[in-house]
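Quick note: residue numbers are just sequence positions, from 1. Owing to the predicted nature of the structure, the values given are computational and were not obtained by experimental measurement. Heavy atoms only: backbone and side chains are in, while hydrogens, waters and symmetry mates are out. Order of listing sets the numbers, starting from 1, for every ligand and every atom in it.
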Amino acid sequence: MSHFPKDFVWGVACASYQCEGAWNEDGKGPNIWDDFCHDVTYEYVKNRDTGDVACDSYHRFREDVALMKAHNIQVYRFSISWARVIPDGEGEVNEKGLQFYDDLVEELLANGIEPWITLYHWDLPSALQNKGGWLNRDLVEIFGRYAAIIAERFKGRVQRFMTLNEPQCIAQCGYQNGNHAPGLKLGEEKVALVYHNLCLAHSEAQRRIKAICGDDVKVGAVPCGTLAYPETDTPAGREAAYHASFDLRQGWNFNIFLDSLILHRYDDSASEGYKRFAATIDPADWELMETPDFLGLNIYQGFMVDEQGREIKRYPGFPLTACKWGITPEVMRYGPQHIYRRYGLPMYITENGLSCNDVVYLDGKVHDAKRIDFLNRYLLELGKGIADGAPVLGYLQWSFLDNFEWSEGYNERFGLIYVDYRTCQRIPKDSAAWYAKVIETNGESL
Ligand code: BGC
């Protein structure tokens with residue numbers, strides 16, 4: 001029996017830079033990922049791949065929406081390229097850029113698919129990076145204005161907005177590890193400042209969207225991290241997994257962003273740099289923080305702990321994805337429960353999926369049994385988590401199409417639909433038909 005409630009929503013997700021292409025068409029301004037990929041001094045992205053063409057969704061979105069419809073997709077979460085709409089991020093609006101998203105929204109609605117908008121999936125207009133990027137607090141207001149422009153345009157047509165995709169990646173990959181644009185390697189206090197500005201930017205955008213669209217429209221934050229699951233499903237095991245999930249020494253946590261945004265504090269396990277930064281925060285800033293209406297959880301992998309909260313080392317030959325992430329379906333059962341216990345908000349899974357080196361077989365089809373098995377396992381565990389009491393209202397698979405996987409370039413494929421990057425031809429994989437059936441039966445077919 002399926003544990004998915006009757007009104008559970010099923011969909012797919014993608015992001016502008018990863019699929020649109022058309023990087024310099026119709027008045028679009030450059031963004032930090034254009035710059036990062038085009039950098040001639042350093043190979044930031046494997047194989048020097050770029051998002052210049054990607055899946056060419058800018059020109060082929062009608063074909064993509066038709067494919068979504070054919071596969072029963074109910075929700076499409078996509079992101080807006082800020083520099084397409086406002087080329088320098090804060091000045092004149094580029095009507096042609098805005099019209100592209102208008103056409104996409106109309107196409108989705110005409111096909112009975114709900115458009116969900118992410119405002120920012122990492123592609124900051126270059127002009128704003130030149131002003132310091134997210135280290136500059138002025139971006140809070142500038143992001144708020146951009147959010148208001150989008151809200152005005154899509155009011156009445158879009159019911160779910162998400163502000164910033166994965167603040168953890170923005171801050172830690174972009175400003176600390178340097179493996180994502182803008183490629184900086186800064187110390188902890190600066191990274192903490194980026195996080196702080198992102199909390200304020202989320203909040204400003206949420207206030208502006210709600211003021212324009214009204215309270216029925218819901219605004220979410222989309223964090224990520226690695227969550228723990230228990231070796232033994234006992235009260236002690238669950239308790240240990242809960243605490244291990246939010247221990248910041250682990251380094252890749254949901255709470256580094258959400259604790260400040262929602263609980264207005266830093267966890268005791270925060271390192272010295274964060275604590276030093278926290279001591280400088282003006283208490284009035286906490287009053288500016290808005291609790292999101294919902295959380296969008298991007299969950300890919302977790303780690304197992306014993307009843308003492310000690311991580312259990314993975315055994316030799318542990319199942320891995322193409323990008324060497326552990327296949328750990330249990331995180332889908334326990335992760336949302338941990339998040340709900342700490343923040344008490346309704347949730348959607350806004351991303352989950354498998355990277356694979358899919359190939360076209362001799363019969364012209366793409367047989368991705370591994371992806372089907374991965375999704376099946378994760379969804380069964382999600383069902384158990386919902387039965388345990390986690391209010392997860394929907395699930396969005398990452399990603400509908402194969403696409404540009406950031407610093408990994410085109411090496412890895414996450415899609416339900418294969419993309420031949422030489423021609424941009426789309427070929428539905430076996431998993432696409434499988435997922436269509438899951439949606440049709442609201443999870444009974446799992
Ligand atoms: C990001 C996506 C990315 C996916 C797989 C998430 O961190 O939001 O943009 O493609 O993970 O790596």
One thing to verify: whether Glu141 and Arg145 come together as a salt bridge, which I'm taking to mean a side-chain N less than 4.0 angstrom from a carboxylate O. no
Looking at ligand 1, does any of its N/O atoms fall within less than 3.5 Å of an N/O of Glu405? yes
Minimum-distance protein heavy atom relative to atom 4 (C) of ligand 1: Tyr300 OH, 3.3 Å
Polar proximity ligand 1 side, Trp406 side, N/O cut 3.5 Å exclusive: yes
Run Trp134 and Tyr120 through ring-ring contact (aromatic ring centres under 6.0 Å, His included) and show every step you take. CA-CA 12 Å; Trp134 292 107; Tyr120 183 78; 5.4 Å; yes
Please check whether Asn165 reaches ligand 1 - meaning an N/O of the residue sits under 3.5 Å from an N/O of the ligand, judged on distance alone. yes
Can you classify the ring geometry of Trp116 versus Phe294 as parallel (below 30°), tilted (30 to 60°) or perpendicular (above 60°)? tilted
Parallel, tilted or perpendicular: which one describes the rings of His121 and Trp406, with boundaries at 30° and 60°? parallel
His121 touching ligand 1 at heavy-atom level, < 4.0 angstrom: yes
Nearest-contact summary for atom 1 (C) of ligand 1 - protein heavy atom, Å: Glu351 OE1, 3.3 Å
Specify the protein heavy atom at minimum distance from atom 7 (O) of ligand 1: its residue, its atom name, and the distance to 0.1 Å. Glu166 OE1, 2.6 Å
Distance under 4.0 Å to a non-hydrogen atom of Trp325: what atoms of ligand 1 satisfy this? 5 (C), 12 (O)
Before accepting this row, confirm whether a basic side-chain N of the pair Lys96/Glu25 lies closer than 4.0 Å to the acidic partner's carboxylate O. no
d(Phe161 CZ, Asp293 CG) to nearest 0.5 Å is 12.0 Å
Is the closest heavy atom of Tyr17 to ligand 1 under 4.0 Å? no
Just say parallel, tilted or perpendicular for the rings of Tyr410 and Tyr421, cut-offs at 30° and 60°. tilted
